[in-house]
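To start, the structure under review is shown below, and the notes come after it.
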Amino acid sequence: MSADTRKLIRIGLVGLGTVGQGVWKHLMAHKNEFEARIGGHLELTRAAVRDLELKREVEVPPQVLTTDPMDIALDPDIDILCELMGGTDLALRVTRAALQTGKTVVTANKALLCEHGSELFALAEENHTRIYYEASVAGGIPIIKALREGLAANQFPLIYGILNGTCNYILTRMQREGKGFEEIVDDARKLGYVEADEALDLDGWDAAHKTAILAFLAHGKWISLNDMPVEGIRDVTLEDIRLAERLGYKIKLLAEIIRDLKRDTVFASVQPALVPESMVLASVDDVFNAVSVTGDIVGESVYIGRGAGQDPTASAVLSDVVDAATALVNEAKNGLYHRKQKELQIAPLEAVCRPFYIRVVVKDEPGVLSEVSAILARHSISIESVLQTPSKVKGLAQLVMTTHSTSERSMRDALLEFEHDSCIQEKPFILRIADFEQSLN
Ligand code: NAP
Ligand code: HSE
(Lines give C-alpha, C1' and ligand atoms only; values in the text may rest on other atoms or scores of the structure.)
(Ligands and ions follow the chains in the order given, each with its own letter.)
Protein backbone atom coordinates (compact mmCIF):
# COMPACT_ATOMS: atom_id res chain seq x y z
CA MET A 1 0.00 0.00 0.00
CA SER A 2 1.46 3.41 -0.94
CA ALA A 3 1.82 6.10 1.77
CA ASP A 4 -0.70 8.97 1.86
CA THR A 5 1.33 11.92 0.60
CA ARG A 6 -1.54 14.36 0.46
CA LYS A 7 -0.77 17.72 1.98
CA LEU A 8 -2.14 18.60 5.43
CA ILE A 9 -3.83 22.02 5.71
CA ARG A 10 -4.11 23.27 9.29
CA ILE A 11 -6.92 25.60 10.22
CA GLY A 12 -7.15 27.97 13.17
CA LEU A 13 -10.53 29.42 14.17
CA VAL A 14 -10.40 32.75 15.96
CA GLY A 15 -13.84 32.80 17.53
CA LEU A 16 -16.13 29.89 18.38
CA GLY A 17 -19.38 31.77 18.76
CA THR A 18 -22.43 31.55 16.50
CA VAL A 19 -20.44 31.36 13.26
CA GLY A 20 -17.33 29.60 14.60
CA GLN A 21 -19.33 26.74 16.07
CA GLY A 22 -21.25 26.38 12.80
CA VAL A 23 -17.95 26.12 10.95
CA TRP A 24 -16.64 23.54 13.44
CA LYS A 25 -19.83 21.48 13.27
CA HIS A 26 -20.11 21.35 9.47
CA LEU A 27 -16.39 20.92 8.85
CA MET A 28 -16.35 17.93 11.18
CA ALA A 29 -19.47 16.49 9.52
CA HIS A 30 -18.23 16.91 5.92
CA LYS A 31 -14.46 16.59 6.37
CA ASN A 32 -14.00 13.48 4.20
CA GLU A 33 -16.01 14.93 1.37
CA PHE A 34 -14.09 18.22 1.48
CA GLU A 35 -10.75 16.41 1.61
CA ALA A 36 -11.62 14.33 -1.43
CA ARG A 37 -12.45 17.52 -3.31
CA ILE A 38 -9.40 19.41 -2.14
CA GLY A 39 -6.94 16.55 -2.65
CA GLY A 40 -5.43 17.18 0.79
CA HIS A 41 -6.13 16.71 4.47
CA LEU A 42 -7.85 19.25 6.70
CA GLU A 43 -7.26 19.65 10.41
CA LEU A 44 -8.99 21.99 12.84
CA THR A 45 -5.81 22.60 14.77
CA ARG A 46 -6.58 25.49 17.11
CA ALA A 47 -9.43 27.74 18.21
CA ALA A 48 -9.43 30.99 20.19
CA VAL A 49 -12.21 31.96 22.58
CA ARG A 50 -12.64 34.53 25.32
CA ASP A 51 -14.05 32.17 27.94
CA LEU A 52 -12.60 28.66 28.26
CA GLU A 53 -15.33 27.60 30.69
CA LEU A 54 -18.27 28.47 28.43
CA LYS A 55 -20.44 25.49 27.47
CA ARG A 56 -20.46 25.19 23.68
CA GLU A 57 -22.73 23.28 21.32
CA VAL A 58 -19.72 21.58 19.71
CA GLU A 59 -17.21 19.39 21.48
CA VAL A 60 -13.76 20.89 21.21
CA PRO A 61 -10.76 19.13 22.80
CA PRO A 62 -9.43 21.44 25.53
CA GLN A 63 -5.84 21.31 24.22
CA VAL A 64 -7.04 22.96 20.99
CA LEU A 65 -8.32 26.05 22.80
CA THR A 66 -6.48 29.27 23.61
CA THR A 67 -7.67 32.61 24.92
CA ASP A 68 -5.06 34.50 22.92
CA PRO A 69 -5.94 34.88 19.21
CA MET A 70 -2.33 35.96 18.58
CA ASP A 71 -1.25 32.42 19.47
CA ILE A 72 -3.02 31.33 16.29
CA ALA A 73 -1.98 34.31 14.16
CA LEU A 74 1.71 33.67 14.97
CA ASP A 75 1.62 29.86 14.98
CA PRO A 76 3.87 28.76 12.08
CA ASP A 77 1.93 25.50 11.73
CA ILE A 78 -1.38 27.20 10.88
CA ASP A 79 -2.10 27.61 7.16
CA ILE A 80 -5.59 29.17 7.23
CA LEU A 81 -6.80 31.54 9.95
CA CYS A 82 -10.56 32.04 10.06
CA GLU A 83 -11.32 35.34 11.80
CA LEU A 84 -14.79 34.80 13.28
CA MET A 85 -14.46 36.99 16.34
CA GLY A 86 -15.76 40.34 15.09
CA GLY A 87 -14.72 43.85 16.13
CA THR A 88 -12.11 46.00 14.48
CA ASP A 89 -9.24 46.36 16.99
CA LEU A 90 -7.99 42.95 18.02
CA ALA A 91 -9.39 41.51 14.78
CA LEU A 92 -7.22 43.96 12.83
CA ARG A 93 -4.08 43.06 14.77
CA VAL A 94 -4.77 39.35 14.38
CA THR A 95 -5.51 39.62 10.66
CA ARG A 96 -2.41 41.74 10.04
CA ALA A 97 -0.20 39.28 11.92
CA ALA A 98 -1.69 36.31 10.09
CA LEU A 99 -1.09 37.91 6.69
CA GLN A 100 2.42 39.04 7.64
CA THR A 101 3.29 35.46 8.53
CA GLY A 102 1.99 34.28 5.14
CA LYS A 103 -1.26 32.72 6.31
CA THR A 104 -4.41 32.70 4.26
CA VAL A 105 -7.20 34.59 6.03
CA VAL A 106 -10.89 33.77 5.80
CA THR A 107 -13.10 36.40 7.42
CA ALA A 108 -16.79 37.09 8.01
CA ASN A 109 -16.00 40.51 9.44
CA LYS A 110 -17.61 43.19 7.26
CA ALA A 111 -16.80 46.04 9.66
CA LEU A 112 -13.10 45.14 9.59
CA LEU A 113 -13.00 44.98 5.78
CA CYS A 114 -14.94 48.20 5.35
CA GLU A 115 -12.59 50.10 7.69
CA HIS A 116 -9.29 48.42 6.85
CA GLY A 117 -9.84 46.47 3.63
CA SER A 118 -7.55 48.67 1.61
CA GLU A 119 -4.60 48.05 3.96
CA LEU A 120 -5.38 44.35 4.44
CA PHE A 121 -5.67 43.53 0.74
CA ALA A 122 -2.37 45.34 0.08
CA LEU A 123 -0.78 43.39 2.93
CA ALA A 124 -2.05 40.11 1.49
CA GLU A 125 -0.57 41.02 -1.90
CA GLU A 126 2.79 42.00 -0.35
CA ASN A 127 2.95 38.70 1.48
CA HIS A 128 1.81 36.64 -1.54
CA THR A 129 -1.20 35.36 0.28
CA ARG A 130 -4.98 35.77 0.10
CA ILE A 131 -8.03 37.02 1.98
CA TYR A 132 -11.37 35.31 1.41
CA TYR A 133 -14.56 37.00 2.64
CA GLU A 134 -17.66 35.34 1.20
CA ALA A 135 -19.41 35.39 4.60
CA SER A 136 -18.97 39.14 5.03
CA VAL A 137 -21.87 40.07 2.71
CA ALA A 138 -25.33 38.52 2.56
CA GLY A 139 -24.51 35.40 4.61
CA GLY A 140 -25.22 32.29 2.59
CA ILE A 141 -25.68 34.04 -0.78
CA PRO A 142 -22.48 33.54 -2.80
CA ILE A 143 -22.45 37.14 -3.98
CA ILE A 144 -18.70 37.66 -3.57
CA LYS A 145 -17.91 34.75 -5.88
CA ALA A 146 -20.62 35.84 -8.30
CA LEU A 147 -19.10 39.32 -8.65
CA ARG A 148 -15.46 38.27 -8.60
CA GLU A 149 -15.68 35.14 -10.73
CA GLY A 150 -19.04 34.34 -12.32
CA LEU A 151 -19.57 37.89 -13.60
CA ALA A 152 -15.89 38.85 -14.00
CA ALA A 153 -16.35 39.88 -17.64
CA ASN A 154 -18.87 42.58 -16.74
CA GLN A 155 -18.90 46.17 -15.62
CA PHE A 156 -21.72 46.89 -13.20
CA PRO A 157 -23.86 49.97 -13.81
CA LEU A 158 -26.19 48.96 -10.98
CA ILE A 159 -26.14 46.80 -7.87
CA TYR A 160 -28.87 47.08 -5.29
CA GLY A 161 -30.13 44.89 -2.52
CA ILE A 162 -31.44 44.08 0.90
CA LEU A 163 -28.29 43.45 2.92
CA ASN A 164 -29.50 43.57 6.52
CA GLY A 165 -31.68 40.69 7.66
CA THR A 166 -32.65 42.30 10.96
CA CYS A 167 -34.11 45.42 9.35
CA ASN A 168 -35.89 43.32 6.75
CA TYR A 169 -37.41 41.21 9.52
CA ILE A 170 -38.62 44.31 11.39
CA LEU A 171 -40.10 46.01 8.30
CA THR A 172 -41.75 42.77 7.17
CA ARG A 173 -43.46 42.21 10.50
CA MET A 174 -44.54 45.85 10.80
CA GLN A 175 -46.14 45.55 7.38
CA ARG A 176 -47.68 42.14 7.95
CA GLU A 177 -48.97 42.61 11.48
CA GLY A 178 -49.57 46.34 11.67
CA LYS A 179 -47.40 46.66 14.78
CA GLY A 180 -45.08 49.55 15.57
CA PHE A 181 -41.28 49.62 15.28
CA GLU A 182 -40.57 49.40 19.04
CA GLU A 183 -42.72 46.31 19.58
CA ILE A 184 -41.12 44.39 16.70
CA VAL A 185 -37.57 45.47 17.61
CA ASP A 186 -38.17 43.95 21.02
CA ASP A 187 -39.10 40.63 19.41
CA ALA A 188 -36.04 40.84 17.13
CA ARG A 189 -33.87 41.37 20.23
CA LYS A 190 -35.43 38.35 21.96
CA LEU A 191 -34.75 36.22 18.88
CA GLY A 192 -31.10 37.31 18.99
CA TYR A 193 -31.29 39.02 15.58
CA VAL A 194 -30.20 42.50 16.65
CA GLU A 195 -26.43 43.00 17.00
CA ALA A 196 -25.10 43.93 20.48
CA ASP A 197 -24.34 47.36 19.01
CA GLU A 198 -27.87 48.00 17.75
CA ALA A 199 -26.88 50.99 15.64
CA LEU A 200 -25.09 48.59 13.29
CA ASP A 201 -28.42 47.10 12.26
CA LEU A 202 -31.02 49.77 12.99
CA ASP A 203 -29.09 52.81 11.73
CA GLY A 204 -27.90 51.13 8.54
CA TRP A 205 -24.17 50.76 9.33
CA ASP A 206 -24.02 46.99 8.91
CA ALA A 207 -25.62 47.31 5.47
CA ALA A 208 -23.23 50.17 4.68
CA HIS A 209 -20.19 48.01 5.55
CA LYS A 210 -21.49 45.33 3.19
CA THR A 211 -22.22 47.93 0.50
CA ALA A 212 -18.63 49.21 0.70
CA ILE A 213 -17.34 45.65 0.21
CA LEU A 214 -19.58 45.06 -2.82
CA ALA A 215 -18.55 48.41 -4.30
CA PHE A 216 -14.88 47.51 -3.87
CA LEU A 217 -15.41 44.16 -5.57
CA ALA A 218 -17.47 45.56 -8.40
CA HIS A 219 -15.54 48.76 -9.03
CA GLY A 220 -12.11 48.41 -7.40
CA LYS A 221 -12.60 51.38 -5.10
CA TRP A 222 -13.15 51.53 -1.35
CA ILE A 223 -15.92 54.06 -0.80
CA SER A 224 -15.58 55.84 2.54
CA LEU A 225 -18.68 55.81 4.72
CA ASN A 226 -18.36 59.63 4.71
CA ASP A 227 -19.16 59.56 0.99
CA MET A 228 -22.15 57.27 1.43
CA PRO A 229 -25.57 58.55 2.62
CA VAL A 230 -26.57 56.06 5.31
CA GLU A 231 -29.93 55.99 7.08
CA GLY A 232 -31.59 53.28 9.10
CA ILE A 233 -35.22 52.37 9.66
CA ARG A 234 -35.97 54.00 13.03
CA ASP A 235 -38.00 56.84 11.45
CA VAL A 236 -40.15 54.63 9.22
CA THR A 237 -43.65 54.59 10.72
CA LEU A 238 -46.45 52.13 10.34
CA GLU A 239 -48.28 54.92 8.58
CA ASP A 240 -45.51 55.19 5.96
CA ILE A 241 -45.75 51.45 5.41
CA ARG A 242 -49.53 51.67 4.93
CA LEU A 243 -49.26 54.73 2.65
CA ALA A 244 -46.59 52.98 0.60
CA GLU A 245 -48.92 50.00 0.22
CA ARG A 246 -51.71 52.28 -1.01
CA LEU A 247 -49.29 53.58 -3.63
CA GLY A 248 -48.20 50.07 -4.70
CA TYR A 249 -44.88 49.82 -2.84
CA LYS A 250 -43.19 48.03 0.04
CA ILE A 251 -40.61 49.72 2.23
CA LYS A 252 -37.21 48.03 2.37
CA LEU A 253 -33.80 49.12 3.66
CA LEU A 254 -32.12 49.34 0.29
CA ALA A 255 -28.40 49.41 -0.50
CA GLU A 256 -27.54 50.89 -3.91
CA ILE A 257 -24.32 51.14 -5.89
CA ILE A 258 -24.83 53.13 -9.06
CA ARG A 259 -21.97 53.39 -11.52
CA ASP A 260 -22.06 55.85 -14.40
CA LEU A 261 -19.82 54.18 -16.95
CA LYS A 262 -19.71 57.24 -19.23
CA ARG A 263 -18.73 59.77 -16.58
CA ASP A 264 -16.76 57.19 -14.58
CA THR A 265 -18.46 57.96 -11.29
CA VAL A 266 -19.98 55.83 -8.60
CA PHE A 267 -22.59 56.53 -5.93
CA ALA A 268 -23.41 54.25 -3.01
CA SER A 269 -26.08 54.65 -0.37
CA VAL A 270 -28.10 52.76 2.23
CA GLN A 271 -31.56 54.15 2.88
CA PRO A 272 -35.09 52.95 3.43
CA ALA A 273 -36.85 53.09 0.07
CA LEU A 274 -40.18 52.42 -1.58
CA VAL A 275 -39.81 49.32 -3.72
CA PRO A 276 -42.52 48.75 -6.37
CA GLU A 277 -44.50 45.59 -5.60
CA SER A 278 -43.69 44.37 -9.11
CA MET A 279 -39.98 44.17 -8.29
CA VAL A 280 -38.58 40.84 -7.08
CA LEU A 281 -37.05 42.48 -4.02
CA ALA A 282 -40.46 43.61 -2.77
CA SER A 283 -41.32 40.01 -1.98
CA VAL A 284 -38.05 39.24 -0.20
CA ASP A 285 -39.24 39.21 3.40
CA ASP A 286 -38.22 38.32 6.96
CA VAL A 287 -34.49 37.83 7.56
CA PHE A 288 -33.82 37.06 3.91
CA ASN A 289 -31.33 39.10 1.88
CA ALA A 290 -31.34 39.75 -1.86
CA VAL A 291 -28.93 41.33 -4.30
CA SER A 292 -29.70 42.45 -7.83
CA VAL A 293 -26.67 42.83 -10.08
CA THR A 294 -26.84 44.39 -13.52
CA GLY A 295 -23.84 43.63 -15.69
CA ASP A 296 -23.24 45.46 -18.95
CA ILE A 297 -22.89 42.14 -20.79
CA VAL A 298 -25.09 39.75 -18.85
CA GLY A 299 -28.00 42.03 -17.87
CA GLU A 300 -29.74 41.60 -14.51
CA SER A 301 -29.41 38.64 -12.18
CA VAL A 302 -30.94 38.43 -8.71
CA TYR A 303 -29.65 36.41 -5.76
CA ILE A 304 -31.88 35.62 -2.79
CA GLY A 305 -31.11 33.67 0.37
CA ARG A 306 -30.52 33.64 4.08
CA GLY A 307 -28.38 36.61 4.98
CA ALA A 308 -27.40 35.67 8.52
CA GLY A 309 -27.43 32.96 11.13
CA GLN A 310 -25.17 30.06 11.98
CA ASP A 311 -25.67 27.70 9.07
CA PRO A 312 -25.82 30.11 6.10
CA THR A 313 -22.78 31.99 7.40
CA ALA A 314 -20.86 28.77 8.10
CA SER A 315 -21.70 27.64 4.56
CA ALA A 316 -20.04 30.77 3.18
CA VAL A 317 -16.98 30.45 5.46
CA LEU A 318 -16.54 26.80 4.52
CA SER A 319 -16.76 27.51 0.81
CA ASP A 320 -13.85 29.90 1.37
CA VAL A 321 -11.96 27.31 3.41
CA VAL A 322 -12.38 24.76 0.61
CA ASP A 323 -11.15 27.30 -1.98
CA ALA A 324 -8.26 28.40 0.20
CA ALA A 325 -7.17 24.84 0.96
CA THR A 326 -7.41 23.88 -2.71
CA ALA A 327 -5.17 26.82 -3.63
CA LEU A 328 -2.67 25.82 -0.92
CA VAL A 329 -2.64 22.15 -1.96
CA ASN A 330 -2.03 23.20 -5.55
CA GLU A 331 0.49 25.83 -4.49
CA ALA A 332 -1.36 28.51 -6.46
CA LYS A 333 1.02 31.43 -6.63
CA ASN A 334 -1.15 34.36 -7.66
CA GLY A 335 -3.49 36.31 -5.40
CA LEU A 336 -7.21 36.61 -5.99
CA TYR A 337 -8.26 38.82 -8.87
CA HIS A 338 -9.46 42.26 -7.79
CA ARG A 339 -10.36 45.25 -9.89
CA LYS A 340 -8.28 48.36 -9.29
CA GLN A 341 -9.78 51.71 -10.13
CA LYS A 342 -8.31 54.46 -8.02
CA GLU A 343 -9.46 57.23 -10.40
CA LEU A 344 -13.18 56.54 -10.03
CA GLN A 345 -14.93 59.62 -8.55
CA ILE A 346 -17.97 59.80 -6.30
CA ALA A 347 -20.95 61.06 -8.35
CA PRO A 348 -22.10 64.57 -7.41
CA LEU A 349 -25.59 64.78 -5.85
CA GLU A 350 -26.78 66.68 -8.94
CA ALA A 351 -26.23 63.55 -11.04
CA VAL A 352 -28.12 61.08 -8.85
CA CYS A 353 -31.79 61.21 -9.81
CA ARG A 354 -34.82 59.26 -8.70
CA PRO A 355 -38.44 59.83 -7.69
CA PHE A 356 -39.17 60.63 -4.03
CA TYR A 357 -41.92 60.10 -1.48
CA ILE A 358 -42.48 63.10 0.82
CA ARG A 359 -44.64 63.12 3.95
CA VAL A 360 -45.14 66.53 5.47
CA VAL A 361 -47.39 67.95 8.19
CA VAL A 362 -48.77 71.38 7.27
CA LYS A 363 -51.28 73.94 8.52
CA ASP A 364 -54.72 73.02 7.18
CA GLU A 365 -55.33 76.43 5.56
CA PRO A 366 -56.15 77.78 2.10
CA GLY A 367 -53.07 78.23 -0.09
CA VAL A 368 -50.83 75.79 1.75
CA LEU A 369 -50.81 73.20 -1.00
CA SER A 370 -49.80 75.80 -3.56
CA GLU A 371 -47.06 77.06 -1.22
CA VAL A 372 -45.66 73.55 -0.85
CA SER A 373 -45.77 72.92 -4.58
CA ALA A 374 -44.17 76.34 -5.21
CA ILE A 375 -41.19 75.37 -3.03
CA LEU A 376 -40.81 72.15 -4.96
CA ALA A 377 -41.18 73.97 -8.28
CA ARG A 378 -38.40 76.43 -7.31
CA HIS A 379 -36.11 73.40 -7.16
CA SER A 380 -37.45 71.98 -10.44
CA ILE A 381 -39.21 69.15 -8.63
CA SER A 382 -42.35 67.97 -10.34
CA ILE A 383 -45.11 66.37 -8.26
CA GLU A 384 -46.48 63.07 -9.51
CA SER A 385 -49.24 62.49 -6.93
CA VAL A 386 -50.64 64.15 -3.80
CA LEU A 387 -52.69 62.61 -1.03
CA GLN A 388 -54.04 64.59 1.89
CA THR A 389 -54.59 62.56 5.05
CA PRO A 390 -56.02 63.89 8.31
CA SER A 391 -53.58 64.81 11.06
CA LYS A 392 -54.12 63.71 14.66
CA VAL A 393 -53.78 67.38 15.61
CA LYS A 394 -56.69 69.76 14.94
CA GLY A 395 -55.88 72.45 12.37
CA LEU A 396 -53.12 70.41 10.77
CA ALA A 397 -53.11 68.15 7.73
CA GLN A 398 -50.66 65.65 6.35
CA LEU A 399 -49.60 65.77 2.72
CA VAL A 400 -48.12 62.69 1.11
CA MET A 401 -46.56 63.36 -2.26
CA THR A 402 -44.60 61.41 -4.80
CA THR A 403 -42.42 63.24 -7.26
CA HIS A 404 -41.13 62.59 -10.74
CA SER A 405 -37.43 61.82 -10.97
CA THR A 406 -35.35 64.59 -9.46
CA SER A 407 -31.78 64.95 -8.23
CA GLU A 408 -30.64 64.30 -4.68
CA ARG A 409 -29.31 67.87 -4.69
CA SER A 410 -32.68 69.42 -5.63
CA MET A 411 -34.47 67.39 -2.98
CA ARG A 412 -31.99 68.36 -0.28
CA ASP A 413 -32.27 72.04 -1.23
CA ALA A 414 -36.08 71.87 -1.19
CA LEU A 415 -35.98 70.25 2.26
CA LEU A 416 -33.86 73.11 3.56
CA GLU A 417 -36.44 75.57 2.28
CA PHE A 418 -39.28 73.53 3.84
CA GLU A 419 -37.55 73.79 7.21
CA HIS A 420 -37.91 77.60 7.12
CA ASP A 421 -41.47 77.77 5.82
CA SER A 422 -44.14 78.75 8.34
CA CYS A 423 -46.77 76.38 6.84
CA ILE A 424 -44.64 73.35 7.58
CA GLN A 425 -45.25 72.06 11.09
CA GLU A 426 -42.85 69.10 11.32
CA LYS A 427 -39.61 68.17 9.61
CA PRO A 428 -40.70 66.51 6.35
CA PHE A 429 -39.93 62.82 6.05
CA ILE A 430 -38.67 61.64 2.67
CA LEU A 431 -38.01 58.24 1.19
CA ARG A 432 -36.41 57.36 -2.14
CA ILE A 433 -38.46 55.42 -4.66
CA ALA A 434 -36.54 52.58 -6.26
CA ASP A 435 -36.87 53.41 -9.93
CA PHE A 436 -33.56 52.54 -11.44
CA GLU A 437 -34.43 53.43 -15.02
CA GLN A 438 -33.82 57.03 -14.04
CA SER A 439 -31.14 56.71 -11.39
CA LEU A 440 -28.50 58.65 -13.30
CA ASN A 441 -28.89 61.67 -15.54
P1 NAP B 1 -20.17 35.77 18.47
O2 NAP B 1 -21.23 34.73 18.57
O3 NAP B 1 -20.20 36.92 19.40
O4 NAP B 1 -18.78 35.02 18.62
C5 NAP B 1 -17.57 35.68 18.80
C6 NAP B 1 -16.51 34.65 19.19
O7 NAP B 1 -15.27 35.33 19.31
C8 NAP B 1 -16.80 33.98 20.54
O9 NAP B 1 -16.45 32.63 20.49
C10 NAP B 1 -15.88 34.72 21.51
O11 NAP B 1 -15.43 33.94 22.58
C12 NAP B 1 -14.71 35.04 20.59
N13 NAP B 1 -13.98 36.21 21.06
C14 NAP B 1 -14.45 37.47 21.18
N15 NAP B 1 -13.49 38.29 21.67
C16 NAP B 1 -12.43 37.51 21.87
C17 NAP B 1 -11.13 37.73 22.39
N18 NAP B 1 -10.75 38.94 22.79
N19 NAP B 1 -10.26 36.71 22.46
C20 NAP B 1 -10.64 35.47 22.05
N21 NAP B 1 -11.84 35.18 21.56
C22 NAP B 1 -12.73 36.18 21.47
O23 NAP B 1 -20.11 36.41 17.00
P24 NAP B 1 -20.66 35.76 15.65
O25 NAP B 1 -22.11 36.09 15.50
O26 NAP B 1 -20.22 34.36 15.52
O27 NAP B 1 -19.92 36.68 14.56
C28 NAP B 1 -18.56 36.49 14.24
C29 NAP B 1 -18.21 37.34 13.01
O30 NAP B 1 -19.01 36.94 11.91
C31 NAP B 1 -18.48 38.85 13.17
O32 NAP B 1 -17.50 39.57 12.46
C33 NAP B 1 -19.84 39.02 12.53
O34 NAP B 1 -20.05 40.33 12.05
C35 NAP B 1 -19.73 38.05 11.39
N36 NAP B 1 -21.00 37.57 10.87
C37 NAP B 1 -21.92 37.05 11.72
C38 NAP B 1 -23.11 36.59 11.21
C39 NAP B 1 -24.16 35.99 12.11
O40 NAP B 1 -25.24 35.68 11.61
N41 NAP B 1 -23.89 35.79 13.38
C42 NAP B 1 -23.38 36.66 9.83
C43 NAP B 1 -22.38 37.19 8.98
C44 NAP B 1 -21.21 37.63 9.51
P45 NAP B 1 -16.46 33.34 23.69
O46 NAP B 1 -17.31 32.36 22.97
O47 NAP B 1 -15.60 32.70 24.72
O48 NAP B 1 -17.22 34.53 24.20
N1 HSE C 1 -26.80 41.89 11.69
C2 HSE C 1 -26.64 41.29 10.40
C3 HSE C 1 -28.00 41.25 9.71
C4 HSE C 1 -26.03 39.93 10.54
O5 HSE C 1 -29.02 41.41 10.38
O6 HSE C 1 -28.05 41.10 8.49
C7 HSE C 1 -25.53 39.34 9.25
O8 HSE C 1 -24.49 40.05 8.69
Side-chain angles (χ1 to χ4, degrees), residues 12-25 46-58 60 65-73 81-95 105-116 133-141 143-144 161-172 185 188-189 191-211 213-214 232-233 252-253 255 270 284 286-291 305-317 320:
L13 299 186
V14 174
L16 260 184
T18 306
V19 181
Q21 291 182 86
V23 170
W24 185 283
K25 181 174 70 183
R46 308 203 70 180
V49 294
R50 209 169 9 199
D51 180 356
L52 290 172
E53 305 306 319
L54 202 70
K55 179 103 188 73
R56 296 181 198 273
E57 58 182 280
V58 292
V60 181
L65 292 176
T66 171
T67 52
D68 185 358
M70 276 298 179
D71 278 352
I72 298 180
L81 179 145
C82 298
E83 191 278 291
L84 309 171
M85 172 173 59
T88 53
D89 295 331
L90 182 56
L92 175 62
R93 279 182 276 132
V94 166
T95 306
V105 170
V106 172
T107 183
N109 192 335
K110 53 255 170 177
L112 177 72
L113 290 180
C114 177
E115 272 183 45
H116 303 287
Y133 50 104
E134 186 63 70
S136 66
V137 182
I141 303 176
I143 189 63
I144 304 291
I162 298 168
L163 299 181
N164 185 270
T166 305
C167 287
N168 206 32
Y169 171 82
I170 294 167
L171 292 172
T172 302
V185 171
R189 285 187 191 112
L191 288 164
Y193 289 161
V194 190
E195 304 249 1
D197 177 358
E198 297 197 353
L200 285 172
D201 286 325
L202 305 180
D203 295 327
W205 298 111
D206 170 77
H209 293 150
K210 294 166 179 169
T211 304
I213 293 169
L214 291 185
I233 60 164
K252 298 286 179 190
L253 183 67
V270 172
V284 174
D286 298 307
V287 285
F288 276 75
N289 281 193
V291 189
R306 291 176 199 281
Q310 185 171 76
D311 290 340
T313 313
S315 158
V317 172
D320 280 349

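Both counts, for ligands and for their atoms, begin at 1 and track the order of listing.
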Keeping the roles fixed (side chain from Glu83, backbone from Gly86), state whether a donor-acceptor pair exists under 3.5 Å.
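A pair under 3.5 Å: yes.
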[atom]: nearest protein contact (heavy atom, Å):
atom	value
atom 32 (O) of ligand 1	Gly86 CA, 3.2 Å
atom 5 (O) of ligand 2	Thr166 OG1, 2.6 Å
atom 5 (C) of ligand 1	Met85 O, 3.7 Å
atom 43 (C) of ligand 1	Thr313 CG2, 3.5 Å
atom 40 (O) of ligand 1	Gly309 N, 2.7 Å
atom 35 (C) of ligand 1	Ala108 O, 3.4 Å
atom 8 (C) of ligand 1	Gly17 N, 3.7 Å
atom 38 (C) of ligand 1	Val19 CG2, 3.8 Å

In this structure, does ligand 2 have an atom that sits under 4.0 Å from one of the heavy atoms of Gly139?
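Per 4.0 Å heavy-atom rule, Gly139 does not contact ligand 2.
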Can you list the ligand 1 atoms lying under 4.0 Å from a non-hydrogen atom of [X]?
X	result
Asp51	47 (O)
Leu16	6 (C), 8 (C), 9 (O)
Gly15	6 (C), 7 (O), 9 (O), 12 (C)
Ala135	43 (C), 44 (C)
Lys110	34 (O), 36 (N), 43 (C), 44 (C)
Ala308	40 (O)
Leu90	17 (C), 18 (N)
Leu54	46 (O)

Which value, rounded to the nearest 0.5 Å, describes the distance between Asp203 atom CG and Ile233 atom CD1?
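One finds 9.5 Å between CG of Asp203 and CD1 of Ile233.
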If you round to the nearest 0.5 Å, how far is CG of Leu163 from CG of Leu214?
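If I round to the nearest 0.5 Å, the distance is 6.0 Å.
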Contacting atoms of ligand 2, where contact means under 4.0 angstrom from a heavy atom of [X]:
X	answer
Asn164	1 (N), 2 (C), 3 (C), 5 (O), 6 (O)
Lys210	2 (C), 3 (C), 6 (O), 7 (C), 8 (O)
Gly307	7 (C)

Ligand 2-proximal atoms of Asp206, by part, heavy-atom distance under 4.0 Å:
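Near ligand 2, Asp206 shows its side chain, while the N, CA, C and O stay back.
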Counting only heavy atoms closer than 4.0 Å, does ligand 2 sit against the backbone of Asp201, its side chain, both, or neither?
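The side chain, only.
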For [X], which part has a heavy atom under 4.0 Å from ligand 1: side chain, backbone, both, or neither?
X	answer
Leu84	backbone
Arg56	side chain
Glu83	neither
Thr18	both
Pro69	side chain

Quick one: does atom 47 (O) of ligand 1 have a protein heavy atom under 4.0 Å from it?
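Neighbour list for atom 47 (O) of ligand 1 includes protein heavy atoms (cut-off 4.0 Å).
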Scan the protein's non-hydrogen atoms and note whether one is under 4.0 Å from atom 18 (N) of ligand 1.
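It does: a protein heavy atom is found less than 4.0 Å away from atom 18 (N) of ligand 1.
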State whether the shortest distance between N or O atoms of Arg50 and N or O atoms of ligand 1 falls below 3.5 angstrom.
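Checking ligand 1 against Arg50, an N or O pair does fall under 3.5 Å apart.
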Within-cut-off N or O pair, [X] and ligand 2, under 3.5 Å:
X	value
Tyr193	no
Asn289	no
Ala308	no

Salt bridge (charged side-chain N to carboxylate O under 4.0 Å, His left out) involving Arg93 - partner list, sequence neighbours excluded
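Counting only residues at least two positions away or on another chain, Arg93 forms no salt bridge (charged side-chain N to carboxylate O under 4.0 Å, His left out).
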With sequence neighbours left out, write down each residue that passes salt bridge (charged side-chain N to carboxylate O under 4.0 Å, His left out) with Asp71, or none if nothing qualifies.
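Asp71 satisfies salt bridge (charged side-chain N to carboxylate O under 4.0 Å, His left out) with no residue once adjacent residues are dropped.
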Quick one, Arg46 and Thr66 - any side-chain contact, counting heavy atoms below 4.5 Å?
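They are in contact (side-chain heavy atoms under 4.5 Å apart), so the answer is yes.
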Heavy-atom side-chain contact between Thr95 and Val14 under 4.5 Å
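No, too far: nothing below the 4.5 Å cut-off.
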CZ of Arg56: more than 12 outside heavy atoms within 6.0 angstrom?
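Buried by this count: over 12 neighbours within 6.0 Å.
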